[in-house]
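Heads up: the structure comes next, in structure tokens.
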Amino acid sequence: MARRPGRRERGIDAEGGPLERFALGLRELRQAAGLTYAQMSAASHFGASTLSQAAAGHRLPSRDVLLAYVHACGGDPGSWERRWVRVRHELDGLKAEPAAGGQLGCEQVESTSFIGRERELDLGVALSCFSAAAPG
């Protein structure tokens, strides 16, 4: 009996925004290539979990991870890199919009530059939000 490779990926809301649409595109690319993350890992020299996170829709992958992902799937690196730049600019624009009250909202913080440092980033965001909400 053949073993089912890996876990099922969690769903992503295609209407969620540029990051979610980008992740869905990566998933479609991998599915079209018919590869598992383990197979991609062997071809890309990035871990399967890193490649999986690239298509999870939680944060934008680094440029290097993106290019390794696309290369492993046989995609066009140039078009994916241009798409990545557009999404990154969109996300930067979303972060720069003030929330109600004229201040940046704590919920708008994006962690694309902190892969592997999620715990520290979460603590920093929590402290920042706490001090922003503290009276006077």
Side-chain angles (χ1 to χ4, degrees):
M1 180 175 182
R3 218 174 62 151
R4 192 173 124 219
R7 279 185 266 173
R8 225 167 205 244
E9 291 180 303
R10 291 184 184 197
I12 296 177
D13 179 10
E15 303 299 317
L19 185 58
E20 290 82 359
R21 289 189 298 274
F22 187 80
L24 284 170
L26 287 175
R27 287 183 179 187
E28 290 169 3
L29 179 66
R30 181 182 69 83
Q31 290 166 354
L35 297 172
T36 66
Y37 287 114
Q39 291 167 323
M40 291 171 60
S41 176
S44 71
H45 308 294
F46 279 97
S49 62
T50 299
L51 297 168
S52 173
Q53 283 298 306
H58 300 299
R59 67 186 59 86
L60 195 62
S62 71
R63 180 183 174 275
D64 290 339
V65 170
L66 168 71
L67 293 176
Y69 190 111
V70 170
H71 178 73
C73 294
D76 176 12
S79 69
W80 275 97
E81 187 170 12
R82 287 187 296 277
R83 189 173 175 183
W84 179 83
V85 168
R86 281 193 309 269
V87 170
R88 187 168 179 175
H89 285 278
E90 283 185 70
L91 293 174
D92 286 345
L94 292 175
K95 286 190 298 184
E97 293 177 17
Q103 296 182 344
L104 289 178
C106 293
E107 69 282 350
Q108 295 172 320
V109 174
E110 175 61 43
S111 61
T112 58
S113 300
F114 297 94
I115 294 175
R117 307 281 315 254
E118 287 84 2
R119 183 172 175 268
E120 291 88 349
L121 180 64
D122 289 343
L123 179 59
V125 169
L127 289 172
S128 174
C129 291
F130 177 74
S131 66

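The side-chain contact (heavy atoms from CB on, under 4.5 Å) check on Ala33 picks up Leu35, Cys73, with sequence neighbours excluded. When the side-chain contact (heavy atoms from CB on, under 4.5 Å) test is applied to Ala38, the partners found at least two apart in sequence or on another chain are Thr36.
Taken to the nearest 0.5 Å, the CG atom of Leu29 stands 13.0 Å off from the CZ atom of Arg27. Here CG of Leu19 is found 10.0 Å from CG of Leu24. Values are rounded to the nearest 0.5 Å.
Ser44 and Leu51 get closest at one heavy-atom pair: OG-CD1, 3.5 Å. Smallest separation of non-hydrogen atoms from Arg21 and Arg83: O-NH2, 3.5 Å. The heavy-atom pair separating Ala23 from Ala55 by the smallest distance is CB-O, 3.6 Å. For the residue pair Gly34 and Gln39, the shortest heavy atom distance occurs at O-OE1, 3.9 Å. Annotation for Val65 and Ala54: closest pair CG1-CB, 3.9 Å, computed over non-hydrogen atoms.
When side chains are defined from C-beta on, Phe22 does not count as touching Leu91, because their heavy atoms never get closer than 4.5 Å. Contact of the Tyr69 side chain with the Arg30 side chain is registered, since non-hydrogen atoms from C-beta on lie closer than 4.5 Å.
Sequence neighbours left out, the pairs with a member in residues 62-71 that pass salt bridge (charged side-chain N to carboxylate O under 4.0 Å, His left out) are Arg63-Glu81.
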Query raised in the report: How far apart are the C-alpha atoms of Trp80 and Leu26, what are their side-chain angles, what is the distance that settles it, and do they pass the side-chain contact (heavy atoms from CB on, under 4.5 Å) test?
Result: CA-CA 9 Å; Trp80 275 97; Leu26 287 175; 3.6 Å; yes

Requested in this report: Would you please test Leu66 and Leu60 for side-chain contact (heavy atoms from CB on, under 4.5 Å) and show each step?
Outcome: CA-CA 9 Å; Leu66 168 71; Leu60 195 62; over 6 Å; no

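Remark: the backbone N or O of Gly78 is paired with a side-chain donor or acceptor of Arg82 at under 3.5 angstrom. The main-chain N or O of Pro61 is found under 3.5 Å from a side-chain atom of Trp84 such that the two form a donor-acceptor pair. No side-chain donor-acceptor contact under 3.5 Å links Ser52 to the backbone of Ala48.
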